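Remember, it's a predicted structure, so these values are computed and weren't measured experimentally. In the text below, chain A, chain B and the rest are named by the order of the sequence lines, each starting its count at 1.
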4 protein chains.
Amino acid sequence: MDDQKKLTRAEQKARRPVQILDAAFEEFVERGYVATRVEDIASRVGVTKGTIYVYFETKEQLFEAMIRHISVPLEELLASSNEIKGTAAERLQKRIELIYDLIIKDRKLRELIRFVIAEGSRFPQIVDRHHDIFIDPLERQMQSLLDEGIKNGEFRPTPAAFSDAVIAPAIAFLVFKLIFEDRRILDRDTYLKAHVDLILHGLCEPAPR
Amino acid sequence: MDDQKKLTRAEQKARRPVQILDAAFEEFVERGYVATRVEDIASRVGVTKGTIYVYFETKEQLFEAMIRHISVPLEELLASSNEIKGTAAERLQKRIELIYDLIIKDRKLRELIRFVIAEGSRFPQIVDRHHDIFIDPLERQMQSLLDEGIKNGEFRPTPAAFSDAVIAPAIAFLVFKLIFEDRRILDRDTYLKAHVDLILHGLCEPAPR
Amino acid sequence: MDDQKKLTRAEQKARRPVQILDAAFEEFVERGYVATRVEDIASRVGVTKGTIYVYFETKEQLFEAMIRHISVPLEELLASSNEIKGTAAERLQKRIELIYDLIIKDRKLRELIRFVIAEGSRFPQIVDRHHDIFIDPLERQMQSLLDEGIKNGEFRPTPAAFSDAVIAPAIAFLVFKLIFEDRRILDRDTYLKAHVDLILHGLCEPAPR
Amino acid sequence: MDDQKKLTRAEQKARRPVQILDAAFEEFVERGYVATRVEDIASRVGVTKGTIYVYFETKEQLFEAMIRHISVPLEELLASSNEIKGTAAERLQKRIELIYDLIIKDRKLRELIRFVIAEGSRFPQIVDRHHDIFIDPLERQMQSLLDEGIKNGEFRPTPAAFSDAVIAPAIAFLVFKLIFEDRRILDRDTYLKAHVDLILHGLCEPAPR
DNA sequence: CATGAATGAGCCTTCATTCAT
DNA sequence: GATGAATGAAGGCTCATTCAT
């Protein structure tokens with residue numbers, strides 16, 4: 001009993017930083033960086049203001065740490081899609097499906113985008129970081145898939161920046177979700193189907209007239 | 001010089017609200033709603049804090065008025081595209097070009113989107129308004145263009161929500177511009193070409209294998 | 001018609017100061033000196049802020065003028081009681097009745113007392129003035145009535161400051177009216193009767209035991 | 001000197017609310033509710049503005065708490081008079097003496113009346129409270145003393161509201177003290193003597209003529 | 001480590017007063 | 001005389017941060 005309590009306490013302490021980061025995420029999401037009060041974050045954890053400052057020097061550093069905390073490199077998030085075998089088209093489709101699933105299930109990912117848009121000018125590092133671990137890998141992955149498909153004749157040759165256009169519907173979907181929250185319901189399957197339909201057709205040589 | 005002195009009180013007063021709204025736009029863009037100080041808006045106009053309150057009751061109402069001030073209905077913005085004649089494909093392409101031009105030239109439009117994303121939860125009305133005068137007309141216009149093209153055989157039949165996918169690359173382009181500001185240069189022509197290339201191919205019947 | 005209009009306008013202007021003083025009275029009563037806004041006084045008159053300053057230099061001077069405006073010397077108010085003939089007791093009773101009527105009907109008198117109590121430390125002159133035209137005459141009148149009654153054997157000899165005690169129930173009645181406004185109803189006749197009953201008995205020689 | 005240093009944080013904190021309430025009393029007395037600045041209250045305590053808000057949510061709540069702080073039920077204040085034995089007249093006189101002593105010594109009681117008169121319309125609760133713990137008990141106590149005296153033949157039968165008339169001279173004395181502060185000196189003994197003289201005579205059957 | 005009292009800089013808003021028209 | 005735009009000095013309240021316990 002005593003043992004367990006000690007353990008629990010020790011564990012508690014070890015978890016504090018993460019608890020704080022999670023609480024910070026919720027509060028910053030709800031009110032934005034400036035309007036969020038350190039005290040509210042503390043309350044959410046069940047501690048007092050001072051405790052936050054034991055673990056983080058300033059509200060600003062806490063915010064940055066929170067952003068890092070929720071920024072998981074895209075590769076990890078899409079790891080399962082690397083195992084997929086099949087045609088380039090099949091793999092492309094699978095990857096896009098995973099992205100929609102991510103957008104829908106991963107609230108932290110979604111809100112990360114909001115932070116990048118809303119607080120980007122205040123925290124330029126998060127923009128850069130976001131580009132490096134997110135946008136850039138995403139474009140690269142897409143591009144390499146396209147290249148494979150083109151090389152093996154599945155896809156027609158495409159102009160520069162085509163990969164951006166290919167993932168754009170998913171980005172627009174994400175932005176719509178950010179904007180409308182729960183005020184408008186966006187059906188994943190409908191959007192996914194339209195998306196896949198567009199790009200798979202868009203990658204084919206058109207029929208001769 | 002003479003110009004300024006010529007302004008009568010009445011003229012000055014008539015311009016004040018717009019001056020303030022313009023200044024407010026700049027400040028709110030730079031710092032976001034919460035971090036913007038009414039005094040900074042006043043300084044930018046060249047008046048003192050109190051003057052702002054002669055024209056707007058609260059900072060909140062000033063923000064909302066500013067949003068209304070910069071929210072021009074999409075129809076107006078795309079008015080010139082209504083005169084275009086030609087095939088559905090030609091008109092679709094023209095309209096998309098106009099959207100890119102709008103995104104690039106109309107900073108107010110761009111920042112409006114940022115406000116919608118960043119302050120939407122604080123100002124739900126701006127989200128609804130934005131949907132009504134922007135998103136919705138955009139989707140309708142696109143959809144009716146698609147419908148025409150499908151009816152006259154130019155385009156293949158498409159699934160639901162396809163119009164969203166069709167404009168998505170422009171939206172993604174806008175979001176990228178918001179996120180990267182001037183830190184990364186996005187070439188309009190490259191993106192536009194990829195966009196048009198994708199959707200025009202995506203609307204054709206694929207060639208038989 | 002023209003004549004009349006001109007006259008009316010001229011009259012209007014001549015009345016302005018009084019209109020303002022009356023409006024000031026209402027506003028100062030409602031909110032007290034500090035919380036009253038010059039603009040509200042102006043609105044009540046139907047003019048704008050600036051106009052007030054045409055007639056009064058500062059809010060402070062306006063307040064003082066308003067106080068003077070409502071401070072009618074007690075002699076005037078009790079003029080009718082001077083004509084009374086009869087025994088000292090009869091005249092005493094009559095005078096007290098008049099005081100109760102005054103308290104009930106003259107809201108300005110009542111509120112003047114409130115101003116003296118509430119704003120006296122801010123405006124010491126009004127306290128002095130109030131003493132000179134109100135308290136002091138009241139005490140003198142009472143005292144001379146008492147003296148007459150004592151001289152002619154109607155009343156027993158009384159100690160110093162007895163006149164204050166004699167009018168005290170009316171003062172207490174006034175204070176109660178100030179405190180409770182309309183929240184508690186104080187019946188004039190009941191109080192008056194108790195008052196007169198007390199002092200007429202109190203002025204007689206007691207019966208031997 | 002040593003005393004102050006000895007105060008632990010905990011002790012300091014325990015005293016703070018009372019320190020603040022006492023300081024608030026002084027400032028509110030000096031300037032009235034509206035004109036008093038929270039910062040001045042803080043200075044008087046020797047802390048800064050923010051500290052006041054650690055203990056009281058708003059200036060308004062601080063004022064109300066201050067009023068409660070100085071509102072001691074009348075029973076407590078007149079407790080010693082309950083032990084008095086003697087005739088009704090003796091007890092009545094004793095009680096009145098205590099009231100004068102209270103008025104003279106208890107500045108908080110006096111100023112409470114001023115607050116009730118001056119701020120009553122802004123804080124109706126304090127008026128009601130004041131009636132319940134002050135006016136009403138006072139009237140009841142007086143009335144029951146009168147009733148006793150009447151029952152045992154000491155006093156003649158009296159009309160309704162007579163008890164109000166009986167205490168009125170003390171109330172008038174209090175009001176005079178409020179109005180004239182130290183600008184006019186009111187001699188307690190003179191007023192008390194006149195008061196007692198009036199009511200004791202006023203309660204006797206008059207001598208036959 | 002955790003607490004929470006205290007600080008002090010800061011910001012929104014109000015309002016008496018001025019003055020050009 | 002009347003107006004009302006503009007000023008600027010306050011003042012209520014907030015909150016990140018510190019530090020003694």
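Only one option out of F123(D), F63(D), Y33(D) pairs with F115(D) in a ring pair (Phe, Tyr, Trp, His ring centres under 6.0 Å); it is F63(D).
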Dot-bracket line, read 5' to 3' along DNA chain E, where crossing pairs take [ ] and | marks a partner on another strand, Watson-Crick or G-U under 3.5 Å
.||||||||||||||||||||

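The CZ atom of F56(C) sits 16 Å away from the C1' atom of dA16(E) (whole-angstrom rounding).
In this structure, K59(A) fails the cation-pi test against F28(A), since its NZ or CZ atom is not both closer than 6.0 Å to the six-membered ring centre and inside 45 degrees of the ring normal.
Of the charged side-chain nitrogens involved, at least one lies within less than 4.0 Å of a carboxylate oxygen, so that E26(B) and R107(B) count as a salt-bridged pair.
A search for side-chain hydrogen bond (donor to acceptor under 3.5 Å, both in side chains) contacts involving D40(A) returns R37(A), not counting sequence neighbours.
Nearer to the 5' terminus of DNA chain E, by closest-nucleotide assignment, is the contact made by V47(A) (compared with the other of V47(A) and G46(D)).
In terms of heavy atoms, E30(A) sits closest to S121(B) at O-OG, 4.1 Å.
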Using a 4.0 Å heavy-atom cut-off, write out nucleotides 8-14 of chain F from 5' to 3' as B (base contacted by protein), S (sugar-phosphate only) or - (no contact).
B-BSBBB

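A donor-acceptor distance shorter than 3.5 angstrom exists from the side chain of R114(A) to the backbone of I117(B), with no hydrogens or angles considered.
Among the protein residues, Y55(C) comes within range of the sugar-phosphate backbone only, with heavy atoms under 4.0 Å from sugar or phosphate atoms but none that close to a base.
Summarising the geometry, atom CG belonging to L112(B) is positioned 8.5 Å from atom CE belonging to M66(B); distances are rounded to the nearest 0.5 Å.
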